[in-house]
**Q** 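Input: one structure, supplied below.
Chain identifiers are assigned alphabetically (A, B, ...) following the order of the sequence lines, protein sequences preceding nucleic acid strands; residue numbering begins at 1 within each chain. All values reported here derive from a predicted model rather than from experimental measurement.
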Amino acid sequence: MRTSAVRVRFCPSPTGNPHVGLVRTALFNWAFARHHGGTFVFRIEDTDSARDSQDSYEALLDTLRWLGLNWDEGPEVGGPHEPYRQSQRLEIYHDVAQRLLAAGLAYESFSTPEEVEERRKANGQDPKLGYDNFDRTLTNEDKEQFRSQGRNPVLRLMMPTEDITVDDLVRGEIRFPHGSIPDFVIVRGNGEPLYTLVNPVDDILMQITHVLRGEDLLSSTPRQVAMYKALEAIGIGDGVQPTFGHLPYVMGQGNKKLSKRDPESSIGFYREQGFIPEGLLNYLSLLGWSLSEDEDIFSLDEMVKAFEISRVNANPARFDLKKAEAINSTHIRQLAPADFQQRTVDRLIHDGILPASPSREQDECARSAALLIQERIGLLSEVGSMVGFLFVSDAEFDFDAGSAKKALGEPSHAVLDAAMQAIEALPDFTTASIEDALRSVLLEKMELKPKTAFAPLRVAVTGQLVSPPLFESMELLGRSSVLHRISRARNFPDQ
RNA sequence: GCCCCCAUCGUCUAGUGGUCUAGGACGCCGCCCUUUCAAGGCGGUAACACGGGUUCGAACCCCGUUGGGGGUACCA
């Protein structure tokens with residue numbers, strides 16, 4: 001019995017965009033490894049040349065790095081079981097397959113899917129029953145016959161005759177009756193190994209102790225266990241099998257599984273939306289797990305400390321964008337101001353609002369503005385619309401149509417005129433002096449309600465009804481721009 | 001068809017036989033605050049799928065029903 005520490009793996013196949021279910025799985029594996037002081041192995045299961053892509057591979061690494069889910073062994077990091085891309089381990093699988101064949105645990109199968117279906121129908125059975133183990137009893141003559149027809153056999157593993165039970169960390173004992181699962185393909189006709197072979201082989205070779213994966217793989221578990229036994233029989237591994245834990249599905253809206261094709265299933269979508277890793281990870285951790293009775297907001301460190309696989313839920317979870325955003329906004333607020341300032345600048349550059357190398361003035365202005373909006377946004381994508389007015393010339397500046405319609409026009413003229421006069425007369429142009437002057441003129445002298453007084457000014461200066469605090473915004477913008485924009489607002493809609 | 005998984009507020013969940021007339025969060029609704037249709041504060045709405053057992057006692061244990069999901073690939 002091996003007594004070594006926990007070794008878990010995250011082993012996606014590089015097809016398409018990394019999606020939220022995948023990342024949740026990565027997170028739980030990572031947290032489990034960290035909690036137990038174990039090893040987090042990252043392995044790429046790229047044995048389907050028709051579907052795998054380099055882009056997807058790179059997106060996978062990029063996503064994990066962005067989230068901070070660092071791996072101890074894997075691509076670009078290395079480790080004692082290199083290589084970690086299965087496409088580079090083909091000789092290993094070929095060798096194992098040959099040994100299984102030689103040991104009589106696997107056999108060559110020439111049946112086409114069509115032939116299997118025919119036989120099922122001919123026997124009055126439902127073709128959905130799948131493969132019928134027909135080729136188990138093929139004689140050498142039969143095989144020669146097929147070969148002479150130019151057929152290339154697949155390799156199938158023989159399923160054992162007894163029931164297979166799995167003690168699942170999340171679901172308890174699960175029993176699969178014998179005979180309910182046909183012999184399955186482990187090597188394609190063209191010689192390429194399949195997941196059914198390479199996944200268990202690598203788990204054994206890499207001495208994985210715990211397999212934490214999505215519920216979608218639950219039904220392939222008995223095949224996996226059968227493979228472990230076969231591998232043990234031919235002397236691969238030390239006879240210790242990994243323990244399974246099947247994590248619940250992450251569903252989309254309604255009752256459907258979050259499909260890879262839905263844009264909102266892609267992690268890239270959330271990143272682009274302006275989720276920060278802290279917030280997204282916190283939300284994802286809540287899909288099937290919880291820290292305590294009444295805490296929803298916590299750090300990765302806190303999660304690692306508390307993460308117990310036995311406390312993972314078995315029931316599927318729906319991804320709720322609203323809650324995800326709410327949690328993200330809390331994390332944004334918890335960021336140290338300097339940290340948030342940097343992320344604001346980065347985001348403005350990313351959005352093309354600031355140039356790749358902002359001037360000193362732009363940088364300082366953005367950092368000042370950041371302090372005004374940290375508590376007002378839930379997503380980084382809102383940064384641009386909140387402070388964009390500061391980085392556009394007066395000529396290019398424009399009013400948001402809806403906001404202008406509501407706040408500008410005839411009734412606002414008196415306010416705008418009075419404000420302009422007051423601002424022009426100011427000896428110095430600071431938040432405090434602006435506020436004093438405007439309040440005294442608009443609220444006290446003209447006896448306007450704050451809303452009536454400040455809404456037009458807000459739209460005039462920032463272009464929108466929702467903005468950073470007004471007086472601070474004015475100071476940041478500078479007097480001449482403020483006056484220019486108010487006068488344009490005064491002439492709205494004829495600018 | 002067969003096999004497997006799942007079942008607490010709209011959603012994510014707490015709850016592992018009595019402290020549950022079921023707790024928290026998001027959402028939603030209302031009120032307050034206010035320079036903003038933002039943020040913040042306060043309050044409210046809302047759930048143990050159903051039926052049988054077991055037990056002095058069941059959201060918690062067992063069985064069944066219903067409902068949902070997955071598998072039954074030369075995908076992973």
**Q** Given B:A39, B:C26, B:A76, identify the nucleotide with an atom nearest to the side chain of A:Glu375.
**A** B:A39

**Q** Within the sub-3.5 Å range, which N or O atoms of nucleotides 46-48 of chain B have a protein N or O partner, and how far apart are they?
**A**
none

**Q** Tell me whether the OP1 or OP2 atom of B:G40 has a side-chain N or O from A:Arg333 closer than 4.0 Å.
**A** yes

**Q** Looking across every strand, which nucleic acid part, if any, lies under 4.0 Å from A:Val185 by heavy atom: base, sugar-phosphate, or nothing?
**A** sugar-phosphate

**Q** Distance check, C1' atoms only: B:A46 and B:C3, in whole angstrom units.
**A** 38 Å

**Q** Under 4.0 Å between a side-chain N/O of A:Asn315 and OP1 or OP2 of B:U8, yes or no?
**A** yes

**Q** Answer yes or no: does a side-chain N or O of A:Thr47 lie under 4.0 Å from OP1 or OP2 of B:A76?
**A** yes

**Q** Once ring pair (Phe, Tyr, Trp, His ring centres under 6.0 Å) is applied, do any residues pair with A:Phe389, and if so which ones, sequence neighbours excluded?
**A** none

**Q** So, is A:Asn313 near the phosphate of B:A14, with a side-chain N or O under 4.0 Å from OP1 or OP2?
**A** yes

**Q** Choosing from B:G24, B:C75, B:U35, which nucleotide comes nearest the side chain of A:Arg439?
**A** B:U35

**Q** Can you sort out the partners of A:Glu278 under side chain to side chain contact (heavy atoms under 4.5 Å, CB included), two or more places apart, ordered by chain and number?
**A** A:Ile276, A:His331, A:Leu335, A:Arg343

**Q** Is there any ring-ring contact (aromatic ring centres under 6.0 Å, His included) pair reaching into residues 175-199 of chain A, and which pairs are they, with sequence neighbours excluded?
**A** none

**Q** Would you tabulate the nitrogen or oxygen pairs shorter than 3.5 Å linking the protein to nucleotides 29-32 of chain B?
**A**
none

**Q** Enumerate the residues from residues 440-460 of chain A whose closest heavy atom to RNA chain B is under 4.0 Å, giving them by residue number; use none for an empty result.
**A** A:Pro450, A:Lys451, A:Phe454, A:Arg458

**Q** Among B:U35, B:C4, B:U72, which nucleotide sits nearest the side chain of A:Lys128?
**A** B:U72

**Q** Counting Watson-Crick and G-U wobble pairs only, both distances under 3.5 Å, name the nucleotide matched with B:C2, or none.
**A** B:G71

